[in-house]
**Q** 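First, the structure itself, so that you have it in front of you.
By convention here, the first residue in the shown sequence is residue 1.
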Amino acid sequence: MGHPPARLPVARRRLTQPSQTSEKGTIMSNVAVIGLGIMGLPMAINLVKAGHAVTGFNRSQDKIDKLVSEGGTGATSIAEAVRDADVVITMVPDSPDVEGVVSGKDGVFANAKKGTLWIDASSIRPDVAKRLSDDAKEAGIRPLDAPVSGGEQGAIDAVLSIMVGGDKEDFDAASDVLNAVGRTIVHVGPSGSGQTVKAANQLIVAVNIEVLAEAIAFLEAYGVDTDAALKVLGGGLAGSKVLDQKGQKMLDRNFDPGFRLALHHKDLGIVTSAAREANVAIPLGAAAAQLVAATVNQGDGALDHSGLFKQVLQLSGRE
């Protein structure tokens, strides 16, 4: 596919052709992606690469222009983006943001076709996901809550883990789109279940980042060859994807965001609140949540969540 010119002439072009099937049997859909941030933009680009017709909308024009340069189409509003879509993906920061883009006269529910699949890839509260799924069904939209894990690199490489809540037939119908952006894609239950599993994921990741940060601070204090140490630790029981993806960032003090601390802070608020409602004790998770909160409150919310290492160094007097 060639690269059409950017800006409004392209942004206003609508896709009205029906879905087609590729030579490999993949259903090529018209997909609208709402939210072209750190995760949403590479996901949209991978959908283009997979052969889908992708229309994107974002509050900042530069992200739309980037999608257009990769073969997608831009839209000037949510309503325009979703009007001819077979599938709508939302990837925005928090529960109020999702509600804002799907509700109201300008939102997804009021402007998408009946029968459109709505895949919310954002990480939000499970109760909000369930409520919005009920609203979607009332509007004739088929909802799936499908938060992702894998960070920016996972989105770029199309190897995200995707935990999906919703009706099984809708999950099956979304398979070609989900397979274009993820590798491990699992239906985990009814609406809201995907967000519950994502909350558990964020709990595990936060605790792992914290103990990795503590381990590196410990190694550095003793003058150990930290590159060698992480190599051997990664080959044993201590090995993890967190160590593989975040260890070098801590050694390099490079906290360019793949997943921002501010978002992990939000996610841990979801975890601690939901755990309290379920009468589940999460002592390590609560401690990690407080450390993440402290780091964000000190002005580091825009850093990658591996930036939690800064808090460990500060507490150790080793800034």
Side-chain angles (χ1 to χ4, degrees), residues 1 3-15 29-103 106-109 111-112 116-124 144-160 162 174 177-182 198 256-260 262-263 266 302 304:
M1 181 181 294
H3 290 180
R7 298 298 177 184
L8 293 181
V10 173
R12 288 176 178 154
R13 180 168 61 86
R14 291 179 188 163
L15 298 167
S29 301
N30 290 335
V31 183
V33 180
I34 311 300
L36 300 173
I38 288 176
M39 302 292 288
L41 180 58
M43 290 170 67
I45 291 171
N46 281 325
L47 285 163
V48 172
K49 291 177 179 177
H52 299 283
V54 181
T55 303
F57 175 76
N58 197 69
R59 287 180 297 183
S60 54
Q61 182 66 35
D62 63 313
K63 299 301 180 82
I64 297 175
D65 292 343
K66 176 61 177 174
L67 175 62
V68 170
S69 75
E70 295 288 339
T73 300
T76 58
S77 68
I78 292 171
E80 182 183 350
V82 307
R83 192 168 295 132
D84 299 311
D86 305 304
V87 180
V88 175
I89 298 174
T90 49
M91 176 55 100
V92 294
D94 203 351
S95 302
D97 303 294
V98 175
E99 191 149 16
V101 301
V102 300
S103 303
D106 299 320
V108 173
F109 297 165
N111 292 280
T116 296
L117 279 169
W118 168 47
I119 302 172
D120 182 30
S122 318
S123 294
I124 66 173
L144 293 170
D145 53 290
V148 304
S149 179
E152 180 183 21
Q153 196 59 51
I156 292 170
D157 296 338
V159 295
L160 294 167
I162 310 176
V177 168
L178 295 174
N179 284 327
V181 298
K198 179 59 187 292
D256 293 339
F259 185 77
R260 291 185 288 118
L263 291 177
K266 177 264 297 182
D304 185 76

**Q** When rounded to the nearest 0.5 angstrom, what is the spacing between NE2 in His52 and CD1 in Ile89?
**A** 8.5 Å
**Q** For a 4.5 angstrom cut-off between non-hydrogen side-chain atoms, does Ile124 reach Asp145?
**A** no
**Q** Would a 4.5 Å heavy-atom cut-off, applied to side chains only, mark Asn30 and Thr55 as touching?
**A** no
**Q** So Val102 and Val88, do their side chains get closer than 4.5 Å, heavy atoms only?
**A** no
**Q** List the atom of Leu47, the atom of Ala180, and the distance in Å for their closest heavy-atom pair.
**A** CD2-CB, 3.7 Å
**Q** If you round to the nearest 0.5 Å, how far is CD1 of Ile162 from CE of Met43?
**A** 6.0 Å
**Q** Can you list the steps and then say if Thr116 with Val82 is a side-chain contact (heavy atoms from CB on, under 4.5 Å)?
**A** CA-CA 9 Å; Thr116 296; Val82 307; over 6 Å; no
**Q** Please tell me if the side chains of Val54 and Val33 come closer than 4.5 Å, counting only heavy atoms from C-beta onward.
**A** yes
**Q** Would you give the length of the straight line joining atom OG of Ser69 to atom CG of Asp62, rounded to the nearest 0.5 angstrom?
**A** 11.0 Å
**Q** Looking only at atom types and distance, does a side-chain atom of Lys63 sit under 3.5 Å from a main-chain N or O of Gly56, one as donor and one as acceptor?
**A** no
**Q** How long is the span from the OG atom in Ser77 to the CZ atom in Arg83, to the nearest 0.5 Å?
**A** 6.0 Å
**Q** Is the shortest heavy-atom distance from the side chain of Asn58 to the side chain of Leu67 under 4.5 Å?
**A** no
**Q** Which heavy-atom pair separates Ile119 from Ala146 by the least distance, and what is that distance?
**A** CG2-CB, 3.6 Å
**Q** Between Leu160 and Met39, is there a side-chain heavy-atom distance shorter than 4.5 Å?
**A** yes
**Q** Is there side-chain contact between Leu41 and Lys66, with at least one heavy-atom pair below 4.5 Å?
**A** yes
**Q** Contact between Asn46 and Lys49 at the side-chain level, heavy atoms closer than 4.5 Å - yes or no?
**A** yes
**Q** Going through the checks in order, is the side-chain contact (heavy atoms from CB on, under 4.5 Å) test met by Ser123 and Lys266?
**A** CA-CA 9 Å; Ser123 294; Lys266 177 264 297 182; 3.7 Å; yes
**Q** Nearest 0.5 Å please: distance from the CZ atom of Phe259 over to the CD1 atom of Ile38.
**A** 9.0 Å
**Q** Testing the basics here: between Gly37 and Pro42, what is the closest heavy-atom pair and its distance to 0.1 Å?
**A** O-CD, 3.8 Å
**Q** If you round to the nearest 0.5 Å, how far is CD1 of Ile34 from CG of Asp120?
**A** 11.5 Å
**Q** Return the minimal non-hydrogen interatomic distance between Val148 and Met91, and the atom names on each side.
**A** CG2-CE, 3.7 Å
**Q** Check Ala81 against Phe57 and note the closest heavy-atom contact, atom names and distance.
**A** CB-CB, 4.1 Å
